[in-house]
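So that the names make sense, note that chain A is the first sequence line, chain B the second, and so on, each numbered from 1.
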Number of protein chains: 2
Amino acid sequence: MTEKATPSPEAIKAWARLMRVSRQLMESAEEALKAAGLPPLAWYDVLHELAEAGEGGLRPFQLIERTLFAQYNISRLLARLEADGLVEKLPVADDGRGHTIRITAKGRETRRQMWAVYGRSITELVGAKLSADELTRVSALLGRLRHPPASD
Amino acid sequence: MTEKATPSPEAIKAWARLMRVSRQLMESAEEALKAAGLPPLAWYDVLHELAEAGEGGLRPFQLIERTLFAQYNISRLLARLEADGLVEKLPVADDGRGHTIRITAKGRETRRQMWAVYGRSITELVGAKLSADELTRVSALLGRLRHPPASD
DNA sequence: TCTATATAGATGCAAATGCATTAACCTTGG
DNA sequence: CCAAGGTTAATGCATTTGCATCTATATAGA
């Protein structure tokens, strides 16, 4: 018996849909931001995490855990954010290797502006296409594809 | 009345899940290919379309329609595929501007090898996580997020 | 304490991407 | 037939990404 193991047609279709749709939606959102003269989505992700973290800020490695960015990616993204005055790097007392990243007032403002556009994209691309109930079901099903699986 | 329009919590969650999960799964699949010493997923997409197109091949602009790649992206990807001997560019009779791209025997072989790994990833990451019925439901829901919406 | 190892983050270099433009060819209207 | 405009594909240049490595600090073990 050979090791064939081609996925089921249902699995292939779900995979293809997932990849296609996510890329398409992401590109639409990205395009809307660009059209508004705002920074790319990646910046939003980081600003969002930092805004939630509050005054305490976050260490770069914590951002890596929360987002899915690679280490060098975060390192350079933070450098750009700092150059734009959206975040600040503070030395951390008990660990001389790293620093804490804190969002600035300007960073919060940029995040607000981005959310105005990004949120609208989410509404148009997702919120307007499925009912609340259907959205919940999609979330639940996708959650089970996550690693580790999400219960809710 | 202000123009607030923050998306519903359900929409936000579905969006976040979609973005996270798709990136995570894509990266897993990509990693598996790399670990097997095979080319990236983008190559598979193109080889797949070309394999389906058969001996007639496809024009670059047709590949752009079928995949979601940008024009310059396809142009360079095809250059790399050609350099590796996986596709060949044939002049097209009635249009001197472009050429037809045809997959070579080596290209088919590479695609086969990639599918062995890629298919396994799909099975593990998706096929093994949800039932056939659930997969069908995910596909249907995601299809409605597509542009244009898919019926099935 | 001193050495080995682990962790945090930055960076040099090569490859890929995005953007704008260009080159080549086709089509259409006069 | 010719000019104007459209389509197909490639490419120069700047930015971004990926990989590997490197520096600096921290921690654990002899």
Side-chain angles (χ1 to χ4, degrees), chain A residues 23-24 26-46 49-50 53 57-84 87-102, chain B residues 23-24 26-35 37-46 49-50 53 57-84 86-102:
Chain A
R23 255 206 293 175
Q24 207 176 41
M26 167 103 63
E27 268 168 32
S28 293
E30 204 80 76
E31 207 174 317
L33 285 171
K34 188 165 338 191
L38 291 167
L41 267 185
W43 289 38
Y44 182 86
D45 289 346
V46 168
E49 292 298 336
L50 290 174
L58 288 175
R59 299 281 299 269
F61 73 88
Q62 295 177 299
L63 280 169
I64 291 169
E65 291 163 6
R66 284 167 171 72
T67 64
L68 300 175
F69 295 111
Q71 185 269 319
Y72 55 82
N73 220 323
I74 282 289
S75 178
R76 280 158 172 159
L77 184 40
L78 289 176
R80 279 171 239 153
L81 288 169
E82 189 188 23
D84 265 44
V87 306
E88 50 190 353
K89 297 189 180 183
L90 311 163
V92 58
D94 57 333
D95 189 341
R97 287 169 300 187
H99 25 250
T100 294
I101 309 295
R102 195 163 60 191
Chain B
R23 255 206 292 174
Q24 208 177 40
M26 168 102 63
E27 269 168 30
S28 293
E30 205 78 77
E31 207 174 316
L33 285 171
K34 188 165 341 188
L38 291 167
L41 268 184
W43 289 36
Y44 183 85
D45 290 346
V46 168
E49 293 298 335
L50 290 175
L58 288 175
R59 300 281 301 267
F61 73 88
Q62 295 178 297
L63 281 169
I64 291 169
E65 291 164 5
R66 285 169 171 70
T67 64
L68 299 175
F69 295 111
Q71 185 269 320
Y72 55 81
N73 220 324
I74 282 289
S75 178
R76 280 156 170 160
L77 184 40
L78 289 176
R80 280 172 241 154
L81 289 169
E82 190 188 23
D84 266 44
L86 305 183
V87 307
E88 51 189 352
K89 299 189 179 185
L90 312 163
V92 55
D94 56 335
D95 189 342
R97 286 170 299 186
H99 26 250
T100 295
I101 310 296
R102 194 163 61 190

Residues at least two apart in sequence or cross-chain that pass salt bridge (Lys or Arg N to Asp or Glu O under 4.0 Å) with B/R76, listed by chain then number, are none

Residues at least two apart in sequence or cross-chain that pass side-chain contact (heavy atoms from CB on, under 4.5 Å) with B/E82, listed by chain then number, are B/V87, B/K89

Contact check, residues 70-80 of chain B vs DNA chain C, heavy-atom distance under 4.0 Å, returns B/Y72, B/N73, B/R76, B/R80

Whole-Å distance, B/L68 CG to C/dT17 C1', equals 16 Å

Note: chain B reaches DNA chain D at heavy-atom distances under 4.0 Å over the stretch, first to last nt, 5' to 3', of D/dG6 to D/dC19

Taken in chain and number order and not counting sequence neighbours, the residues that satisfy salt bridge (Lys or Arg N to Asp or Glu O under 4.0 Å) with B/D84 are none

Under 4.0 Å from OP1 or OP2 of C/dA10: is there any side-chain N or O of A/H99 that close? yes

Residues passing the side-chain hydrogen bond (donor to acceptor under 3.5 Å, both in side chains) test with A/R80, sequence neighbours excluded, are none

Contacts of B/A32 meeting side-chain contact (heavy atoms from CB on, under 4.5 Å) (sequence neighbours excluded), chain-then-number -> B/V117, B/S121

Rounding to 0.5 Å, atoms OG1 (B/T100) and CG (B/L58) come to a distance of 8.5 Å

Residues pairing under ring pair (Phe, Tyr, Trp, His ring centres under 6.0 Å) where one sits in residues 27-46 of chain A, two or more places apart or in two chains, turn out to be A/Y44-A/H48, A/Y44-A/W115, A/Y44-A/Y118

Please tabulate, for side-chain N and O atoms in residues 33-42 of chain A, each donor-acceptor pair with protein atoms closer than 3.5 Å (sequence neighbours left out).
none

Show me the donor-acceptor pairs, under 3.5 Å and distance only, between side chains in residues 65-73 of chain A and residues at least two apart or in other chains.
from, atom 1, to, atom 2, distance (Å)
A/T67, OG1, A/L63, O, 2.7
A/T67, OG1, A/F69, N, 3.4

Rounded to whole Å, the CD-P distance (A/E65 to C/dG9) equals 10 Å

Contacts of B/R102 meeting salt bridge (Lys or Arg N to Asp or Glu O under 4.0 Å) (sequence neighbours excluded), chain-then-number -> B/E55, B/E88

Sorted by number, residues from residues 89-97 of chain B placing a heavy atom under 4.0 Å from DNA chain D are B/K89, B/R97

